[in-house]
**Q** 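Right, I'll just put the structure down here and ask away after.
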2 protein chains.
Amino acid sequence: MQLTRQGDYAMRAILFLAASPQARIQEIARAQFVPKEYLAKIVQKLSQAGIVTTHRGVGGGITLARPPEEITLLDVVEAIEGPVALNSCFIRPGECPRESYCAIHAELEHIGNTLARMFANVNFADLAKKEAALCKGAKAWRLETGGVGEM
Amino acid sequence: MQLTRQGDYAMRAILFLAASPQARIQEIARAQFVPKEYLAKIVQKLSQAGIVTTHRGVGGGITLARPPEEITLLDVVEAIEGPVALNSCFIRPGECPRESYCAIHAELEHIGNTLARMFANVNFADLAKKEAALCKGAKAWRLETGGVGEM
DNA sequence: GTAATTGCGGGTATAATTTATCCGCTTTAA
DNA sequence: TTAAAGCGGATAAATTATACCCGCAATTAC
Ligand code: FES
Ligand code: FES
């Protein structure tokens, strides 16, 4: 029942971008403690999902494809980890012999939908605000790196 | 965002036991389409978690350790897959450098708790009832195997 | 007490997935 | 034309999930 590290990394990246109009992958990787080559792969998925827009060449980097208010945890999680479905029997219909009468399936479907809705209720503008507030409290950290959005 | 097949198998086994006072692993495996050697491993976890009681020897098998009303999806999921926590940073505290100020962490913790509560709200007595009802509709299946609880 | 049954636990093998890195290519702006 | 930046394909390493096997321990029937 865990998100993968990829999902984690992706959320950190979007959170960073929510406070920074444009940034290079390398910058984000450094600031958010993510291996930069790996983050590059993740950004590709986010780009294909239409969450970020990329810009090549000198002065390039990536930006959010829409305002952070309109990007939810669900968007990012689904872009990276695929649809939120709790049961493996749910992914490939017709594979499970119990499918036609399975009460578990029905229940997990319902819970999964609720879970997805919870993810959808969290947007990155709010997250960025919360994190900014939390950062004020974390003085030690602030001294080390100098802030979230501005490095 | 998926349960493992082990979790699936475990739920099927408990569901079977909810309708059958006692059964051998082999029986459950056959009826629920689970590899029997694998199910044996899973049953061990369920046993250690105090969800089922095992009985060795002739006429042995396994039984539910308490009435199915008091066994929830959460019990089974946690016994097999470990605590319900969405974020890997949440499992081993002190590992993530962002930990002290991370807004994502806080949000995922909340969602994870709600998810756990949803799992805890489903018990196997209800599931068994639902499945029995669903089975009535699935005539084709009924003809093949003859029912859930009684083989 | 012996034999048959049934779960225990440890080990092993295989496959799948996750995590991470590398490199040549294309795009873009100066 | 050149340097910066992302693209995409390949690959390697680590971890986890799935499945199976076997000798042992416990239990019951005889
Ligand atoms: S649909 Fe496969 S076990 Fe429920
Ligand atoms: S605690 Fe590690 S990213 Fe939030």
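Lettering of chains follows the sequences in order, A, B, ..., and the numbering in each one begins at 1.
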**Q** Got a sec, which pairs hit side chain to side chain donor-acceptor pair (under 3.5 Å) with one end in residues 43-62 of chain B, sequence neighbours left out?
**A** B/Gln6-B/Lys45, B/His55-B/Thr63

**Q** Just jot down the side-chain contact (heavy atoms from CB on, under 4.5 Å) partners of B/Ala106, sequence neighbours excluded, or say none.
**A** none

**Q** Figure out the CZ/C1' separation between A/Arg24 and D/dA3, and round it to whole Å.
**A** 13 Å

**Q** Return the value, rounded to whole Å, for the distance between atom CG of B/Asp8 and atom C1' of D/dT18.
**A** 13 Å

**Q** Please report the distance, rounded to the nearest Å, between CD1 in B/Ile80 and C1' in D/dA17.
**A** 13 Å

**Q** Pairs in or reaching into residues 14-25 of chain A: which pass salt bridge (charged side-chain N to carboxylate O under 4.0 Å, His left out), with residues at least two apart or in two chains?
**A** A/Arg24-A/Glu27

**Q** Restricting to side-chain contact (heavy atoms from CB on, under 4.5 Å), what partner residues turn up for B/Lys36, sequence neighbours left out?
**A** B/Gln26, B/Ala29

**Q** Figure out the CD/C1' separation between B/Gln26 and C/dT6, and round it to whole Å.
**A** 10 Å

**Q** Would you indicate whether the side-chain heavy atoms of A/His110 and A/Thr114 approach each other to under 4.5 Å?
**A** yes

**Q** When every nucleotide of nucleotides 11-25 of chain C is labelled 5' to 3' by its protein contacts under 4.0 Å (heavy atoms), B for base, S for sugar-phosphate only, - for none, what sequence of letters results?
**A** B-------BBBB---

**Q** Could you work out, with side-chain contact (heavy atoms from CB on, under 4.5 Å) as the rule, every residue matching B/Ala13, not counting sequence neighbours?
**A** B/Ile28, B/Leu39

**Q** Calculate the interatomic distance between A/Ile28 atom CD1 and D/dA5 atom P; express it in whole Å.
**A** 12 Å

**Q** For B/Asn113, enumerate each residue passing the side-chain contact (heavy atoms from CB on, under 4.5 Å) test, keeping only those at least two apart in sequence or located in another chain.
**A** B/Glu109, B/Arg117

**Q** Examine distances only and state if a side-chain atom of B/Glu131 and a backbone atom of A/Ala103 form a donor-acceptor pair shorter than 3.5 Å.
**A** yes

**Q** Calculate the interatomic distance between A/Lys45 atom NZ and D/dG6 atom C1'; express it in whole Å.
**A** 17 Å

**Q** With the threshold set at under 4.0 Å for non-hydrogen atoms, list the residues of residues 46-55 of chain A touching DNA chain D in residue-number order.
**A** A/Gln48, A/Thr54, A/His55

**Q** Pairs under 3.5 angstrom only: tabulate donor-acceptor contacts from the side chains of residues 75-85 of chain A to other protein residues two or more places apart or in another chain.
**A**
{"from": "A/Asp75", "atom 1": "OD2", "to": "A/Arg66", "atom 2": "NH2", "distance (Å)": "3.1"}
{"from": "A/Asp75", "atom 1": "OD2", "to": "A/Thr72", "atom 2": "N", "distance (Å)": "2.9"}
{"from": "A/Asp75", "atom 1": "OD2", "to": "A/Thr72", "atom 2": "OG1", "distance (Å)": "3.2"}
{"from": "A/Glu81", "atom 1": "OE1", "to": "A/Thr4", "atom 2": "N", "distance (Å)": "3.4"}
{"from": "A/Glu81", "atom 1": "OE1", "to": "A/Thr4", "atom 2": "OG1", "distance (Å)": "3.4"}
{"from": "A/Glu81", "atom 1": "OE2", "to": "A/Thr4", "atom 2": "N", "distance (Å)": "3.0"}
{"from": "A/Glu81", "atom 1": "OE2", "to": "A/Thr4", "atom 2": "OG1", "distance (Å)": "3.2"}

**Q** Tell me if the side-chain of A/Gln44 makes a donor-acceptor pair with the base of D/dG6, cut-off 3.5 Å, by modelled atom types.
**A** no

**Q** Let me know the distance between CD1 of A/Ile42 and P of D/dC7, rounded to the nearest Å.
**A** 13 Å

